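In what follows, a single structure is set out as structure tokens and then discussed.
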Amino acid sequence: MHALVIHGPRDVRVETMESPKAGPGQLLVRVAAGGVCGSDLHYFRNGGFGAVRLKNPMALGHECCGAVAAIGDGVEGFPVGTRVAVRPSLPCGKCVYCREGKYTHCMDMRYYGSAMRVPHIDGVFRQELVIERDQAYIVPDSVSDAEAAMTEPLAVALHAVRRAGSLFGKRVLVTGCGPIGVLIIMAARLAGAVHITATDVGAGPLTIAADVGADETIDVAENPQALSAHSVDKGDFDVLFEASGNPAALLSGIECVRPQGLAMQLGLGGQVDLALNSIVFKEIELRGAFRFHEEFGMAVDLMASRRIDVKPLISGIFPYQNWAEAFALAEDRSRAMKVLLTFA
Ligand SMILES: [Zn+2]
Ligand SMILES: [Zn+2]
């Protein structure tokens, strides 16, 4: 079977690997589709991000779905052919945080396609993948492979929205309209937000943000004063979701959050020169959101019930052999939101 393996910046190779076998409690999945994520692009462009660096070749990818091809001993309820979305996280279940149910913070987390651990955990951009039984979430036929492959980013968005508490009747600002920002817009609408403003630095992402339900979109590169207008009278939004990782977006976003409002940071980035007084005077709460756990199953359910439709995010679907074309499109934010690979 083939896998897409990264060796260093701009050095991705289609490699042949031995077909894996499902052990006890495991499933062999024939991967159908996989989504190219920002982190895959960081490895592709720079060989990593922040302190996380590629130290050995690694199969890319953590967003995928497929069909069960074989089952290991002791697994029930997943007949061969069952379509599943694959949760890329595998918390240990034993550490102090797992015992508290805070699986996202597992001390021994295994996450596909991540160089955080050494040796790295290989990713899902491959034709065959062995997973643990609890990483498999059954997908109904009404949800396509491309949609099911987007369960992971939707779960990230749902986790952030749940961490924000009730959004019912609230005014929401979303900064950064990549896939996560756009999925947050959808989830925030579903959660009862009464108004959503979305910002980005490009027309392409903002068009999709408007399509999926943002009430107002602002291109802050072209028209920064449109956002400043929301900072009068101490701010206009109850909740900020910062999904760009750009320090300027957090700083200007906080200016627009009402007293005792919430600033939820999801975008990963570097240092921010934060004016403490803006947090203190307005009693702003600054909160982080990272990955997900139980939200993965919720994401499948919300797609199955059509309460959330991720199809407007899909920019292109390419066979894995054409990965170079797929990555080139994914890198172009003016044209791409979510690019998918197929592994048939
Ligand atoms: Zn992802
Ligand atoms: Zn753990």
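All ligand and atom numbering here is 1-based and tracks the order in the structure. These numbers come from a predicted model, not from an experiment. The figures that follow rest on heavy atoms only: side chains count, while hydrogens, waters and symmetry mates do not.
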Test question: given the 4.5 Å side-chain rule for I, L, V, M, F, W and Y, name all other residues clustered with V201, or answer none. L173, I218, V220, L227, F237, L240, L250, L251, I254, V257, V272, L274, I279, I284, L286
I'd like to know if the Zn ion (ligand 2) has an N/O/S atom from C98 within less than 2.8 Å of it, counting both backbone and side-chain atoms. yes
Of D332, N322, L341, which meets side-chain contact (heavy atoms from CB on, under 4.5 Å) against F327? L341
In this structure, is the centre-to-centre distance between the rings of Y103 and H293 below 6.0 Å? yes
Taking only residues two or more places apart in sequence, or in another chain, which ones meet E295 in a salt bridge (Lys or Arg N to Asp or Glu O under 4.0 Å)? R162
Indicate whether any N or O donor in one side chain lies under 3.5 Å from an N or O acceptor in the other, for Q225 and N223. yes
What protein N/O/S atoms lie closer than 2.8 Å to the Zn ion (ligand 1)? C37 SG, H62 NE2, E63 OE2, E152 OE1
Inter- and intrachain pairs under salt bridge (charged side-chain N to carboxylate O under 4.0 Å, His left out), touching residues 197-225, at least two apart: D200-R333
Verify the neighbour count for atom CD of E18: are there more than 12 heavy atoms of other residues, nucleotides or ligands below 6.0 Å? no
So the angle subtended at the Zn ion (ligand 2) by C92 atom SG and C106 atom SG, rounded to 10 degrees, is 100°
